[in-house]
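Only heavy atoms go into these numbers, but all of them, side chains included; no hydrogens, no water, no symmetry mates. Each chain gets a letter, A, B and so on, in the order the sequences are listed, and its residues count up from 1.
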2 protein chains.
Amino acid sequence: MNIGDASRLSGVTAKMIRYYEAVGLIPVPLRGANDYRHYRPHDIHWLRFIRRARDLGFSLEQTRQLITLWQDHERSSAEVKRIATDHVAELNDKICQMAAMRETLVELAENCQGDHRPECPILRDLADDEMTATSRVS
Amino acid sequence: MNIGDASRLSGVTAKMIRYYEAVGLIPVPLRGANDYRHYRPHDIHWLRFIRRARDLGFSLEQTRQLITLWQDHERSSAEVKRIATDHVAELNDKICQMAAMRETLVELAENCQGDHRPECPILRDLADDEMTATSRVS
DNA sequence: CTTGACCTTCCCACTGCAGTAAGGTCTACC
DNA sequence: GGTAGACCTTACTGCAGTGGGAAGGTCAAG
């Protein structure tokens, strides 16, 4: 299998497969006489693992750790769980921040006529020097 | 006022003030004989506007548009509102994606013993070729 | 033998900053 | 006058994760 086939089967672009190889996230593949990378079913499995982890929002570094644990049959599930729950906490933080932004913006937008006139509470809030108009995010 | 004072008063680092100037987000300031940038209260106001927009999660590009509208006294509030509601939609999308990741991870983590043993449903899900174990995100 | 679909490496762009290096300048104190 | 240190200047590097493209080698079908 060449990189194109591996890409189609794993859902990871050829570009990213090369990148993951460069940063040591996947093992260096064998090369044919033409210097083409050569992949086997096991490598596809590996790539799908990465793709799934990335889909769940794990960073490449977290993904790297998960791969290491995956490969280590002596691992403790506690280590895996810690990475996962840490990531859940990160997600929670980000979600809360974005939700707060959203609430503020929704409130501002609700008070904006959204017509041809220049008067706009959104701009008024942004331009406001004082900490008054709306409860401030962050 | 030098850049340090502007930074303290606006809450934008000197680094970022120079950056915003370089990318045309703020007007080029006057310079003193020593080549130091010179800021006036009006510029602080400008910087605070940017900071507030950034705190609400607007991209620099969106911020640039908001500034343009802010400066334009002939603007229609509809344009401002459109940028804001577009951004709310972006926030919503991201929040939904992250919330979905979170749900999946919480579910997987709940089923993980988190002990010294290697058996782990999280890794099993990540390594799973089929679309079975848990409802897939994205 | 040509066409086009592959593959290769390498370099650049993006966002929104942070850091660092090498230098000039101002202020205060001795 | 000298010196310390707090400030300013430009310019370059890096980060995460890609996407894009150039310039070239390779392979299979027609």
Side-chain angles (χ1 to χ4, degrees), chain A residues 1-26 28-40 43 47 49-67 86-87 90-91 94 97-98 101 137-138, chain B residues 1-26 28-40 43 47 49-67 86-87 90-91 93-94 97-98 101 138:
Chain A
M1 263 191 300
N2 290 334
I3 201 168
D5 308 301
S7 171
R8 272 180 290 275
L9 289 172
S10 65
V12 180
T13 64
K15 207 92 179 177
M16 291 317 299
I17 295 175
R18 293 192 198 98
Y19 175 69
Y20 291 155
E21 178 190 331
V23 298
L25 211 62
I26 52 176
V28 175
L30 297 173
R31 302 270 188 146
N34 49 16
D35 217 33
Y36 287 11
R37 287 171 180 82
H38 189 68
Y39 297 93
R40 283 162 302 180
D43 300 311
L47 286 168
F49 182 100
I50 294 174
R51 175 151 153 68
R52 174 78 178 130
R54 302 287 297 130
D55 282 350
L56 285 173
F58 286 105
S59 70
L60 286 193
E61 213 40 59
Q62 288 169 326
T63 303
R64 188 193 305 275
Q65 294 174 33
L66 289 171
I67 289 174
D86 282 0
H87 181 41
E90 293 165 10
L91 286 170
K94 287 185 192 161
Q97 284 175 24
M98 299 183 87
M101 293 175 188
V137 174
S138 117
Chain B
M1 264 191 300
N2 289 334
I3 201 168
D5 308 301
S7 171
R8 273 179 291 274
L9 288 172
S10 65
V12 179
T13 64
K15 206 90 178 175
M16 292 315 300
I17 296 176
R18 293 193 197 97
Y19 175 69
Y20 292 155
E21 178 190 330
V23 298
L25 212 61
I26 51 177
V28 175
L30 297 173
R31 303 269 189 150
N34 49 14
D35 218 32
Y36 288 11
R37 288 172 181 81
H38 189 69
Y39 297 94
R40 283 161 302 180
D43 300 311
L47 286 168
F49 182 98
I50 294 174
R51 177 154 151 69
R52 174 79 177 130
R54 302 287 299 131
D55 283 349
L56 284 174
F58 287 105
S59 69
L60 286 194
E61 213 40 60
Q62 287 169 326
T63 303
R64 187 193 306 275
Q65 293 174 35
L66 289 171
I67 289 174
D86 282 0
H87 181 41
E90 292 164 11
L91 286 171
D93 285 354
K94 287 183 192 163
Q97 284 174 25
M98 301 183 86
M101 293 175 188
S138 110

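The shortest distance between side-chain heavy atoms of B:Val12 and B:Ile50 does not fall below 4.5 Å. In this structure, the side chains of B:Tyr39 and B:Asp5 stay at 4.5 Å or more apart for every pair of heavy atoms. Two residues are said to be in side-chain contact when any heavy atoms from C-beta on lie closer than 4.5 Å; A:Asp43 and A:Ile26 fail this criterion. Residues B:Leu47 and B:Met16 form no side-chain contact, since every pair of their non-hydrogen atoms from C-beta on lies 4.5 Å or further apart.
The side chain to side chain donor-acceptor pair (under 3.5 Å) contacts involving residues 9-21 of chain A comprise A:Glu21-A:Arg37, where partners must be two or more places apart or lie in separate chains.
Summarising the geometry, atom CG belonging to B:Asp93 is positioned 12.5 Å from atom CE belonging to B:Met98; distances are rounded to the nearest 0.5 Å. Remark: B:Asn34 CG to B:Asn2 CG distance equals 7.0 Å, nearest 0.5 Å.
A straight line from CZ of A:Arg51 to P of D:dT18 spans 10 Å, rounded to a whole angstrom. In this structure, A:Tyr20 atom OH and D:dA16 atom P are separated by 13 Å, rounded to whole Å.
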B/S/- contact track for nucleotides 2-13 of chain D, protein heavy atom under 4.0 Å: -----BSBBB--
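Applying the ring-ring contact (aromatic ring centres under 6.0 Å, His included) test to B:Tyr36 and every residue at least two apart in sequence or in another chain returns nothing. With sequence neighbours left out, the ring-ring contact (aromatic ring centres under 6.0 Å, His included) criterion links A:Phe58 to A:His87.
Ionic pairing of B:Asp55 and B:Arg52 is not present here: no N-O contact between side-chain nitrogen and carboxylate oxygen is shorter than 4.0 angstrom.
When the C1' atoms of four end pairs are superposed on the next four at each end of the helix from C:dC1-D:dG30 to C:dC30-D:dG1, using five pairs per end, the two resulting axes differ in direction by 30°, to 10°.
Protein chain B touches strand DNA chain C; the 5'-most and 3'-most nucleotides with an atom under 4.0 angstrom of its non-hydrogen atoms are C:dG16 to C:dC26.
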